[in-house]
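Because the structure is predicted, anything quoted here is derived from the model rather than measured. So that the names make sense, note that chain A is the first sequence line, chain B the second, and so on, each numbered from 1.
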2 protein chains.
Amino acid sequence: MSISAKPTASPSSDTTASAHDRVYRALRARIMYGDIAPGEALTLRGIGREFGVSMTPARESLRRLVAEGALSLSSSGRVTTPELSNERIEELAALRALLEVELSSRALPRAHMALIDRLHSINVTIAEMVSKRDAVGYIRTNLEFHRTLYLRAQAPAMLAMAETVWLQLGPTMRALYGRLRRTDPPQNHRLIIAALKAGDEPGLRLAVRSDVTQGLRLLVV
Amino acid sequence: MSISAKPTASPSSDTTASAHDRVYRALRARIMYGDIAPGEALTLRGIGREFGVSMTPARESLRRLVAEGALSLSSSGRVTTPELSNERIEELAALRALLEVELSSRALPRAHMALIDRLHSINVTIAEMVSKRDAVGYIRTNLEFHRTLYLRAQAPAMLAMAETVWLQLGPTMRALYGRLRRTDPPQNHRLIIAALKAGDEPGLRLAVRSDVTQGLRLLVV
DNA sequence: AGGGTGGGTTTGTGATCACAGCATAGGCCA
DNA sequence: TGGCCTATGCTGTGATCACAAACCCACCCT
């Protein structure tokens, strides 16, 4: 039975031996980076078959993702990726603004030149993803930009909450970036970097708020 | 085997037939309202025995609580209620301030007289709990005060995040209210109600922030 | 007497199975 | 020909079991 293992997931990050954790990480990345469309259904046996595990670890990883709001659970127990209402999207955008403005503000006094260089280089990668029309790559790199900045805030609980919001917005973000077709240079990211260099806290808060809010605004139909 | 069911949990809210959900709800309430001390260990078979279920639902509810940050998972898989560091407590307090100030601000334009009456009556119950030295009852009623207000904000995702923070602080809050021995009338709650009546948004924000922050400040050793 | 080490016990992990609910697709009847 | 109804598969739920690792405590060696 163990021959049927089909590791179609990413071959990286196999340091943990735990089966449910491996499944969880793979699914989480898929959802957060928009690899799954809203409304898609996931079945226990299907997940188990794909990752070569039994129903038990599949169920654990699915329920963990449900607990984090990444998947929604119907009354009959069926698990699907959620289709967010406009009110929910606006709320999550407000949450992003609230949390990420605070995180960036806390990161500001700790932002050295090495961090700014790193952010700049991530920005270059984002531009590449945009020109390649790679939606998933764009989302992943964009979030990496934010995570790199917020890691300096030394606020793990707050960062975890922000990532939970990203996770909830994942499937919807794909729909967004699949829709917008203009080659959008990360203008707000440049404003963020400039404010970091200048030590300008109000400017930084404004830039982060704009960056977080403007993309989601297009999504509200 | 099913005879060993000992429903020591609350007899209410048994509308759901799902076993793991029943266990989850009971444990969540215990943790959030400070019924379990920090550092206590929970075992799968122990939970199962107590609720008269097998290991499967016990495991699901425990892992869900771990996913929500209510319990911490050691490297060997043992589940305990977390002992929070001072930095973590300060971070969670900041998170409470951030989220709950926003929630109260959104609830303000929707706050009618009926809500204010209800808040006042909850406040009376809080005073009773204080005089009875009932720590768990105090925490539960205090959170009910906040939840009642925030429900008017019509922001379910934001409220869910706030409740997650309460959950993480639960075991620690018990340690706090077990320590403070003064009969503390809910002064800040009266300020909140006054600001609601007057439609005074800056005052409301300040009162909520004070109420949320001051209690946790005592806790930082 | 103290510290390391052995075994017995307890723990989480994952697989498998029986079962009940549901959804769908096909057939059946008017 | 159209609408209803049943049957079959597929789904999640929960119980049980085998197994390996961790833990604990007593015992033994130095």
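- Between the base of D/dA22 and the side chain of B/Ser76 there is no donor-acceptor pair shorter than 3.5 Å.
- Going from atom CZ of A/Phe51 over to atom P of C/dA15 covers 14 Å, rounded to whole Å.
- Between D/dG14, D/dA15, D/dT16, one nucleotide has an atom nearer to the side chain of B/Ala19 than all others, and that is D/dG14.
- Along DNA chain D, the nucleotide closest to A/Arg63 and the one closest to B/Arg59 are compared, and the more 5′ of them pairs with A/Arg63.
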Would you tabulate the side-chain donor-acceptor contacts of residues 71-78 of chain B under 3.5 Å, counting partners in other chains and residues two or more places apart, or write 'none'?
unit_1  : atom_1 : unit_2  : atom_2 : d
B/Ser72 : OG     : B/Thr80 : OG1    : 3.4
B/Ser74 : OG     : B/Ser76 : N      : 3.1
B/Ser74 : OG     : B/Ser76 : OG     : 3.1
B/Ser74 : OG     : B/Arg78 : N      : 3.3

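- Distance, A/Tyr24 OH to C/dG14 P: 15 Å, rounded to whole Å.
- Within a 6.0 Å sphere centred on CZ of B/Arg147, heavy atoms belonging to other residues, nucleotides or ligands number more than 12.
- Candidate nucleotides C/dT16, D/dA22, D/dT11 were compared by shortest atom distance to the side chain of A/Arg78, and D/dT11 ranks first.
- Remark: aromatic rings of A/His189 and A/His120 are distant, center separation not under 6.0 Å.
- With the nearest nucleotide of DNA chain C identified for both B/Leu62 and A/Val53, B/Leu62 has the one nearer the 5' end.
- Residues in residues 32-42 of chain B take part in no salt bridge (charged side-chain N to carboxylate O under 4.0 Å, His left out) pair, two or more places apart or across chains.
- At the phosphate of D/dA22, neither OP1 nor OP2 sits under 4.0 Å from any side-chain N or O atom of B/Ser75.
- The pair B/Asp211-B/Arg96 fails the salt-bridge criterion, with no side-chain N (NZ, NE, NH1 or NH2) lying under 4.0 Å from an Asp/Glu carboxylate O.
- Whole-Å rounding puts the A/Arg22 CZ to C/dG14 C1' distance at 12 Å.
- Contact between B/Ala70 and B/Pro82 at its shortest, heavy atoms only, is O-CD, 3.3 Å.
- Between A/Thr56 and the phosphate of D/dT13, there is no side-chain N or O to OP1/OP2 separation shorter than 4.0 Å.
- Taken residue by residue, residues 35-48 of chain B places heavy atoms nearer than 4.0 Å to DNA chain C at B/Leu42, B/Thr43, B/Leu44, B/Arg45.
- C/dC22 atom P lies 14 Å from atom CG of A/Leu73, rounded to whole Å.
- We find that CD of B/Glu60 is positioned 12 Å from P of D/dG12, with the value rounded to whole Å.
- For the pair B/Ser74 and B/Met55, both in contact range of DNA chain D, the more 5′-proximal nearest nucleotide belongs to B/Met55.
- By the 4.0 Å N-to-carboxylate-O rule, A/Glu90 lies too far from B/Arg106 to be salt-bridged with it.
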